[in-house]
Engineer: 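Structure incoming, see below.
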Amino acid sequence: MSQENTLRATLTPSGFHRTISVTIPHLTADHDDCTCHIYLALPAATFVDPYELALYHKIFTFEYWGTRDLERPVAAVSQADSLVLISPRDTNNRTREITIDIPIHSRYGDLRLYERPGENVGYQEVTLEHPRGLMRCPISSTRKSQLGKLDGIPQQIERHFNTSNGFILTSLPATPQSLQSPSSPLVMNIPLGDPSHTFLVEVGTALIILLCFAYVAWGASQCGARIYGERGSKGTWVMTKKAE
């Protein structure tokens, strides 16, 4: 089965927080009983936030396989790709296209790449695979000769779809629009920190932490003084009244 991509995708804007806009072509009546899905393989330098994707529950559902530590830099996480499966809720694309916006984010890059030779100094170039369009269709006698099993899909996704239970996973059919738009890779330039600033950043961070601790300690002492002061004044007033 051909693995030619039939989705159009763009990457916008720039910086650490980007959006992949994926356009699913309209399907013919032959695929009325099929469901459409988008499969993404993200390198270690990029990730999706599952909590953010959950906010799009009215537009699509999703499955995610990969590290869930969102704050670590790229050098501190597994270098294996993360897998994302997007299932649009609006499958009424028989007469029109559907565009799905998927927010993605970048990790802090590897500082060792900052001074590498080349024109793009201070940035790490990350290439994303083009999103792939999938269909899950029930197997019928007429489809056995038309649909073939899709190769190159990770086991996690095949197990999710349970393709052995009378269904087959295949690629979205090509359209004139998709054939005219080559599925070129999506490229991101991630800003890198300057290693020469490491000492200043570490010292500045330590000073800020100490100042914050001192401020919290001062606030706690002021609060405690007011509380004990109020209690002491009330006790003096009570003793004075008894003496009278």
Engineer: If we only count heavy atoms from C-beta on, is the Phe60 to His37 side-chain gap below 4.5 Å?
Structural biologist: no
Engineer: Mind checking whether Val77 and Tyr64 sit in one hydrophobic cluster, side chains of I, L, V, M, F, W, Y counted as touching below 4.5 Å?
Structural biologist: no
Engineer: Using a 4.5 Å cut-off on heavy atoms from C-beta on, say whether the side chain of Pro154 contacts that of Trp65.
Structural biologist: no
Engineer: More than 12 foreign heavy atoms under 6.0 Å from OH of Tyr108: is that the case here?
Structural biologist: no
Engineer: Rounded to the nearest 0.5 Å, what separation is found between the CD1 atom of Ile59 and the OG atom of Ser87?
Structural biologist: 14.0 Å
Engineer: Is the closest side-chain heavy-atom distance between Cys36 and Leu134 below 4.5 Å?
Structural biologist: no
Engineer: Could you check Val203 against Thr205 for side-chain contact (heavy atoms from CB on, under 4.5 Å), going step by step and ending with a plain yes or no?
Structural biologist: CA-CA 5 Å; Val203 172; Thr205 302; over 6 Å; no
Engineer: Drop me the distance from Ser21's OG to Arg8's CZ, to the nearest 0.5 angstrom.
Structural biologist: 11.5 Å
Engineer: On a heavy-atom basis, which atom in Arg107 and which in Arg72 lie closest, and how many Å separate them?
Structural biologist: NH1-O, 3.0 Å
Engineer: Is the shortest heavy-atom distance from the side chain of Leu128 to the side chain of Thr46 under 4.5 Å?
Structural biologist: yes
Engineer: Flag yes if more than 12 heavy atoms outside Gln79 fall under 6.0 Å of its CD atom; otherwise flag no.
Structural biologist: yes
Engineer: Looking at every non-hydrogen atom in both residues, tell me the closest pair between Ser78 and Ala44 and how far apart they are.
Structural biologist: O-CB, 3.5 Å
Engineer: Looking at CD of Glu52 and CD1 of Ile104, how far apart are the two atoms once the value is rounded to the nearest 0.5 Å?
Structural biologist: 10.5 Å
Engineer: Looking at Gln155, I'd like to know if its CD atom is crowded, meaning that more than 12 non-hydrogen atoms belonging to other residues, nucleotides or ligands lie closer than 6.0 Å.
Structural biologist: no
Engineer: Do Thr19 and Asp101 get their side chains close enough for a donor-acceptor pair, meaning under 3.5 Å?
Structural biologist: no
Engineer: If you compare all heavy atoms of Asp81 against all heavy atoms of Pro43, which two are closest, and at what distance to 0.1 Å?
Structural biologist: OD1-CA, 3.5 Å
Engineer: Is it the case that one hydrophobic cluster holds both Leu55 and Ile38, taking links as side-chain heavy atoms less than 4.5 Å apart, direct or via other members?
Structural biologist: yes
Engineer: Where do Leu186 and Pro131 come nearest, in terms of heavy atoms and distance?
Structural biologist: CD1-CD, 4.1 Å
Engineer: Considering only heavy atoms from C-beta outward, does the side chain of Phe47 approach that of Leu70 to under 4.5 Å?
Structural biologist: yes
Engineer: Rounded at 0.5 Å granularity, tell me how far CD1 in Ile190 sits from CZ in Arg18.
Structural biologist: 9.0 Å
Engineer: Please report the interatomic distance CG(Leu40) to NE2(His130), rounded to the nearest 0.5 Å.
Structural biologist: 10.0 Å
Engineer: Return the minimal non-hydrogen interatomic distance between Arg89 and Thr61, and the atom names on each side.
Structural biologist: NH2-CG2, 3.1 Å
Engineer: With a 4.5 Å limit on heavy-atom distance, are the side chains of Val187 and Glu125 in contact?
Structural biologist: yes
Engineer: Tell me, do Ile20 and Pro103 make a side-chain contact under 4.5 Å, heavy atoms counted?
Structural biologist: no
Engineer: Ignoring hydrogens, what is the shortest heavy-atom contact between Met188 and Leu11? Give both atom names and the distance.
Structural biologist: CG-CD2, 3.2 Å
Engineer: Do the non-hydrogen side-chain atoms of Ile157 and Tyr39 ever get within less than 4.5 Å of each other?
Structural biologist: yes
Engineer: For Thr23 and Thr99, run side chain to side chain donor-acceptor pair (under 3.5 Å): C-alpha distance rounded to whole Å, both residues' side-chain angles, the deciding distance at 0.1 Å, then the answer.
Structural biologist: CA-CA 4 Å; Thr23 300; Thr99 298; 3.2 Å; yes
Engineer: At what distance, to the nearest 0.5 angstrom, does NE2 of His160 lie from CG of Leu83?
Structural biologist: 12.0 Å
